[in-house]
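One structure is given here, and the rest of the page talks about it.
Residues take their numbers from the sequence shown, with the count starting at 1.
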Amino acid sequence: DGHFDIGTAELSDIYRGLQAGLLNEFEYDQAIQTALAEKAEGSLYVSPDEPMVHCFMPGIKIDLGGIGKGYALDFLARICRDRGITTFCLDAGGSTVLVETDLDDGWDYHLAASKDRRQVRIANGSVSASGSKHQGNHIFNPITGQNDERIYDRLWVSATNALQSDACATAFYNMEVLEIEQVMQQIKSIHWVAYAQRGEIKFIERKGIQESISTGAGVSSTS
């Protein structure tokens, strides 16, 4: 429904210009509106037969940051499997972690908020995080073009593969809980979603699931 869009790179660049003091508030607002208008007119075509992207109408600047880390970890996981490595933890700076193991145990991953802290165990699957703590309000809502409509302090997604958890963490960050629940009903490879709001962490599990996830990650509280 438009919540994930790799064509918002120009918006992020404009925001960085504001942070660096290169733009004032008026110039920033004008630049955002111009970028949105140009993006609406832009047109790209991805060839289904060859690795090429054709630009029919300029205006769209691509940023793969919301999905690239997950793709890279999934690619590395294939390399590990090809070399006979069956237990591994791949970490892209903590924002996306992919774990596979043929053992009974897994890796611990910590979810932290100002008033709360949780620990999850990742056995076979991935966890990705999205938020504004480290890079400021760099995540734009592709539908509204705004980056200050913060619903969550931070949000985490656990899924079967890292590409999906990475992309969904970016998209869900701009979605209400009810919308996220609806997507989880449709995409069965999403294990769970957690979010921090007003310093407290809450979990969203697919309707009909009464217990902690058994296929990817278990959830436990820590003091």
Side-chain angles (χ1 to χ4, degrees), residues 1-78 92-96 98 126 128-152 154-157 159 161-176 179-180 182-183 186-187 189-190 193:
D1 296 327
H3 287 285
F4 182 83
D5 190 339
I6 64 172
T8 59
E10 184 65 22
L11 303 182
S12 299
D13 288 347
I14 294 170
Y15 173 67
R16 294 186 185 99
L18 176 67
Q19 284 185 308
L22 302 177
L23 301 172
N24 59 38
E25 292 288 346
F26 176 78
E27 293 170 331
Y28 171 78
D29 291 337
Q30 292 295 109
I32 289 291
Q33 294 306 315
T34 299
L36 288 174
E38 291 177 349
K39 179 179 178 299
E41 295 295 327
S43 177
L44 299 176
Y45 174 74
V46 181
S47 172
D49 302 318
E50 54 187 347
M52 294 187 68
V53 178
H54 304 273
C55 178
F56 287 164
M57 184 67 67
I60 300 175
K61 188 173 182 179
I62 294 175
D63 178 5
L64 298 175
I67 197 170
K69 294 186 300 297
Y71 174 84
L73 293 191
D74 287 338
F75 189 85
L76 287 172
R78 291 198 295 270
S95 62
T96 296
L98 173 64
S126 65
S128 295
S130 187
S132 57
K133 180 179 179 180
H134 300 292
Q135 300 185 54
N137 292 336
H138 69 293
I139 302 175
F140 280 80
N141 186 330
I143 300 174
T144 65
Q146 300 299 313
N147 66 335
D148 55 359
E149 304 168 344
R150 295 281 70 88
I151 304 173
Y152 315 106
R154 194 163 179 79
L155 182 140
W156 300 266
V157 177
N161 61 72
L163 184 148
Q164 191 166 68
S165 65
D166 195 12
C168 286
T170 303
F172 288 175
Y173 193 62
N174 290 309
M175 298 170 65
E176 299 285 350
E179 294 177 290
I180 296 173
Q182 292 172 345
V183 173
Q186 300 171 22
I187 304 178
S189 54
I190 298 175
V193 177

### Message
Counting C-beta onward and ignoring hydrogens, is there a side-chain heavy-atom pair between Ile187 and Gln164 closer than 4.5 Å?
### Response
yes
### Message
Tell me the closest heavy-atom pair linking Asn161 and Ser126, and the distance in Å.
### Response
O-OG, 2.9 Å
## Note on the structure
Separation between CG (Leu18) and CD1 (Ile32), nearest 0.5 Å, reads 9.0 Å
### Message
Using the rule given for side chain to side chain contact (heavy atoms under 4.5 Å, CB included), can you reason through Glu10 versus Leu36, listing the C-alpha separation, both sets of side-chain angles and the distance that settles it, and then say yes or no?
### Response
CA-CA 9 Å; Glu10 184 65 22; Leu36 288 174; over 6 Å; no
### Query
What's the shortest heavy-atom distance between Ser47 and His54, and which atoms?
CB-NE2, 4.2 Å
### Task
Answer whether the closest heavy-atom distance between the side chains of Thr8 and Asp63 falls below 4.5 Å.
no
### Task
Provide the closest heavy-atom pair for Leu22 versus Glu27 in the form atom of the first, atom of the second, distance.
O-OE1, 4.1 Å
### Query
Quick one: are Lys39 and Asp5 in side-chain contact, heavy atoms under 4.5 Å?
yes
### Query
So which heavy atom on Ala171 is nearest to which on Phe4, and how close?
CB-CB, 3.9 Å
### Message
Are the side chains of Leu44 and Ile62 in contact, using a 4.5 Å heavy-atom criterion?
### Response
yes
### Query
When rounded to the nearest 0.5 angstrom, what distance separates CG in Leu155 from SG in Cys168?
10.0 Å
### Spacing of Glu38 atom CD and Lys61 atom NZ [to the nearest 0.5 Å]
11.5 Å
### Task
Identify the heavy atoms of Phe172 and Tyr152 that sit nearest to each other, and give their distance.
O-CE1, 3.6 Å
### Task
Could you walk me through whether Asp166 and Leu73 pass the side chain to side chain contact (heavy atoms under 4.5 Å, CB included) test, one step at a time?
CA-CA 10 Å; Asp166 195 12; Leu73 293 191; over 6 Å; no
### Task
Could you check if a side-chain atom of Thr170 sits within less than 4.5 angstrom of a side-chain atom of Ile67, using non-hydrogen atoms only?
no
### Query
Below 4.5 Å, heavy atoms only, C-beta onward: do Asn174 and Ile151 meet side chain to side chain?
no
#### Entry: CG (Asn24) with more than 12 external heavy atoms under 6.0 Å
yes
### Query
Which of parallel (below 30°), tilted (30 to 60°) and perpendicular (above 60°) describes Tyr45 and Phe56?
parallel
### Query
Should Leu64 and Tyr71 count as side-chain neighbours, where that means a heavy-atom distance under 4.5 Å?
no
### Summary
In short, Ile60 meets Ser43 closest at the heavy-atom pair CD1-N, 3.9 Å
